[in-house]
Amino acid sequence: MSKRQISCVLLIGLALAAAAIGGLEGSYVVPLDHAAIQYAALPVDDAVARLQKRIDSGNLKLRFREGHGYLESILEALTVRPASQVLVFSKTSFQATRIAPKLPRAIYFNDNVAVGWVRGGDVLEFAAVDPRQGVIFYTLDQEPSGKPHFDRQDTCLQCHQNGSTVGVPGLLVRSVYPSQSGMPVFQAGSFVTDHRSPLRERWGGWYVSGKHGSQTHMGNAIVQTRDEPVTLEPNGLNVTDMRFRFDTGAYLTPHSDIVALMVLEHQTRMTNLVTRVGFEARLALYDNAVMSKFLQKPEGELSESNVRRINSAAEELVKYMLFAEEARLTDPITGVSGFAESFARLGPKDEAGRSLRDFDLKTRLLRYPCSYLIYSEAFDQLPPPMKDRVYQRLWQVLSGEDQSPKFALLSSADRRSILEILRATKNGLPEYWLRP
């Protein structure tokens with residue numbers, strides 16, 4: 001590489017670092033063809049890629065059934081529970097022509113993969129988390145085949161890589177004002193929602209089954225007038241029976257569970273942030289290596305700007321995973337599909353039976369507000385400088401050393417409980433976490 005090329009790399013690296021230090025929200029879109037990322041070129045090892053290997057080797061045969069095609073067999077193979085079903089009726093998918101209030105699209109998910117099914121659709125849709133490369137998108141033809149094949153669909157990035165996904169290939173839950181056909185009323189705007197969003201902005205264009213007291217949301221409702229302000233039809237709150245809205249018998253369950261929706265919202269942004277901070281670290285390490293070579297500095301010694309870049313990204317992740325800005329609930333939430341109970345059973349649990357999957361659902365989502373995705377492969381495979389910084393900041397907050405206002409929602413009891421649960425259940429903690 002010539003000195004001129006190196007200088008260009010340094011300038012680009014400094015520009016990206018400046019953007020990162022400014023915060024990840026709405027920031028730049030990560031260049032996926034960068035030598036440190038190579039999103040399309042590097043091999044992947046996500047749940048769908050692993051499933052394809054099992055099919056190709058003959059160790060797994062998918063069952064095809066009329067009506068649902070491969071759906072049930074796929075969910076079983078991926079260990080995705082039907083109770084996770086949530087239903088979206090807005091035309092916000094590439095299969096939009098087949099989606100309407102009477103024909104909602106079903107999404108099923110676990111920690112590392114989401115499966116989309118459209119009644120009468122040509123394909124199943126998949127979004128699978130690769131531990132290193134982030135979310136990878138696939139489709140599977142809904143036609144009987146001796147060896148079904150998942151097709152990677154990087155064209156999905158047209159909607160799934162932007163400021164709403166913190167600039168990486170990612171997931172999002174969008175709340176819109178849906179018309180009678182399910183088409184969003186674009187002039188009314190929309191919301192990308194997660195656990196920080198007030199309930200009143202959530203689930204426009206989605207069905208929502210469950211109880212939530214006097215709290216309001218945008219689910220189960222269709223725009224009645226396009227006048228400003230846009231108004232939604234009433235009677236969409238505290239709904240537990242969906243039979244009069246669409247043919248529930250055509251789906252694996254008759255529900256679009258409110259607790260499943262809240263969990264899905266949390267983990268979309270959490271997944272995106274883990275990917276983004278991993279990318280930030282890889283970009284910083286790459287730029288640092290180029291700079292060290294150019295300036296003839298010792299290899300492996302991080303510059304101050306790259307340290308700040310890593311620390312800034314880590315702070316965004318830690319704030320989110322500790323629910324520092326979570327919207328508070330004012331009434332209890334109750335699901336109807338059994339999702340909450342089956343989700344909580346997944347653990348892992350400490351000797352006292354506590355788990356980061358335990359729900360609160362009275363004033364907040366989780367009883368112990370720390371993301372269960374700390375157990376994910378993607379978190380474990382973060383580049384060492386990033387993971388070290390995340391662990392350091394988690395320790396400072398949970399030990400009580402950091403009492404800054406941004407973590408004020410965490411009580412002393414919360415911090416102590418989370419720390420004890422992680423000590424008992426999380427492999428690979430730094431040695432200083434285990435000291436009395």
Side-chain angles (χ1 to χ4, degrees), residues 5-6 8-46 49 112 114 127-138 152-174 192 194 267-291 302-303 305-321 373 376-387 389-390:
Q5 289 172 313
I6 292 173
C8 290
V9 169
L10 294 180
L11 288 172
I12 293 170
L14 289 171
L16 296 182
I21 291 169
L24 304 183
E25 195 73 58
S27 59
Y28 72 95
V29 174
V30 175
L32 299 183
D33 58 351
H34 191 285
I37 308 299
Q38 300 183 67
Y39 176 79
L42 293 180
V44 294
D45 184 31
D46 56 66
N112 54 35
V129 182
D130 177 81
R132 179 176 167 83
Q133 296 297 76
V135 179
I136 312 295
F137 300 92
Y138 301 90
R152 183 166 171 174
Q153 301 290 350
D154 287 353
T155 55
C156 293
L157 300 182
Q158 295 173 19
C159 296
H160 284 273
Q161 189 196 11
N162 51 51
S164 298
T165 63
V166 292
V168 298
L171 307 168
L172 69 160
V173 172
R174 188 176 294 279
V192 174
D194 55 54
Q267 72 179 48
T268 52
R269 181 173 170 84
M270 182 66 187
T271 297
N272 298 343
L273 282 172
V274 171
T275 301
R276 175 62 183 269
V277 301
F279 282 9
E280 285 299 325
R282 286 156 61 182
L283 290 165
L285 292 171
Y286 180 92
D287 293 345
N288 198 82
V290 172
M291 187 181 296
L302 283 176
S303 67
S305 63
N306 281 315
V307 169
R308 288 197 302 271
R309 182 178 185 178
I310 287 172
N311 290 354
S312 176
E315 196 68 13
E316 294 279 338
L317 177 61
V318 170
K319 277 197 308 180
Y320 189 79
M321 69 191 301
L373 291 183
S376 68
E377 289 183 77
F379 182 90
D380 286 341
Q381 291 192 31
L382 285 174
M386 183 61 75
K387 189 159 66 169
R389 178 60 179 176
V390 171

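Side chains are part of it too, since the values below use all heavy atoms of this structure and drop only hydrogens, waters and symmetry mates.
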- [ ] Mark yes or no for whether Gln133, through its side chain, and Ile37, through its backbone, hold a donor-acceptor pair below 3.5 Å.
- [x] yes
Open item on the list: If I take atom CG from residue Leu317 and atom CZ from residue Arg269, how far apart are they, to the nearest 0.5 angstrom?
Closed with: 10.0 Å
Task: Gln38 (side chain) donor-acceptor with Ala35 (main chain) under 3.5 angstrom - done: yes
Open item on the list: So, taking the atom named OG1 in Thr155 and the one named CG in Leu157, what distance separates them when rounded to the nearest 0.5 Å?
Closed with: 7.5 Å
Task: Closest heavy-atom pair and its distance - Val277, Ala314 - done: CG1-N, 4.4 Å
Task: Check ion pair Glu280-Arg276 (N to O, under 4.0 angstrom) - done: yes
Open item on the list: Once you measure the plane-to-plane angle for His34 and Tyr286, does it fall in the parallel (<30°), tilted (30-60°) or perpendicular (>60°) bin?
Closed with: perpendicular
Open item on the list: Donor-acceptor check, side chain of Asn288 to backbone of Ser303, threshold 3.5 angstrom: yes or no?
Closed with: yes
Task: Minimum heavy-atom distance between Ser164 and Arg174, given as atom pair plus value - done: OG-NH2, 3.9 Å
TODO: Would you indicate whether the side-chain heavy atoms of Val166 and Glu316 approach each other to under 4.5 Å?
DONE: no
Task: Distance, nearest 0.5 Å, that separates CG of Leu172 from OG1 of Thr271 - done: 12.0 Å
Open item on the list: Measuring only between side-chain heavy atoms, which start at C-beta, is Asn306 closer than 4.5 Å to Arg309?
Closed with: yes
Task: Under 3.5 Å: donor-acceptor pair, side chain of Arg389, backbone of Val307 - done: no
- [ ] Identify the residue among Leu373, Leu382, Val168, Val129 that makes a side-chain contact (heavy atoms from CB on, under 4.5 Å) with Val274.
- [x] Leu382
- [ ] Compare every heavy atom of Tyr138 with every heavy atom of Asp46, then report the nearest pair and how far apart it is.
- [x] OD2-OH, 2.8 Å
Task: Shortest non-hydrogen separation from Gln161 to Gly167 and the atoms involved - done: NE2-O, 3.0 Å
Open item on the list: Rounded to the nearest 0.5 Å, what separates atom CG in Leu302 from atom CD1 in Ile310?
Closed with: 5.0 Å
Open item on the list: I need the Arg132 CZ to Glu377 CD distance, nearest 0.5 Å.
Closed with: 14.0 Å
Task: Closest non-hydrogen atom pair, Arg152 against Tyr39 - done: NH2-O, 3.0 Å
Open item on the list: Between Asp45 (side chain only) and Asp130 (backbone N and O only), is there a donor and an acceptor less than 3.5 Å apart?
Closed with: no
Open item on the list: To the nearest 0.5 Å, what is the distance between CG on Asn272 and CD on Gln267?
Closed with: 10.5 Å
Task: Check: Thr165 side chain, Asn162 main-chain N or O, donor-acceptor pair, under 3.5 Å - done: yes
Task: Minimal non-hydrogen separation, Gly134 against Thr275, with atom names - done: CA-OG1, 3.4 Å
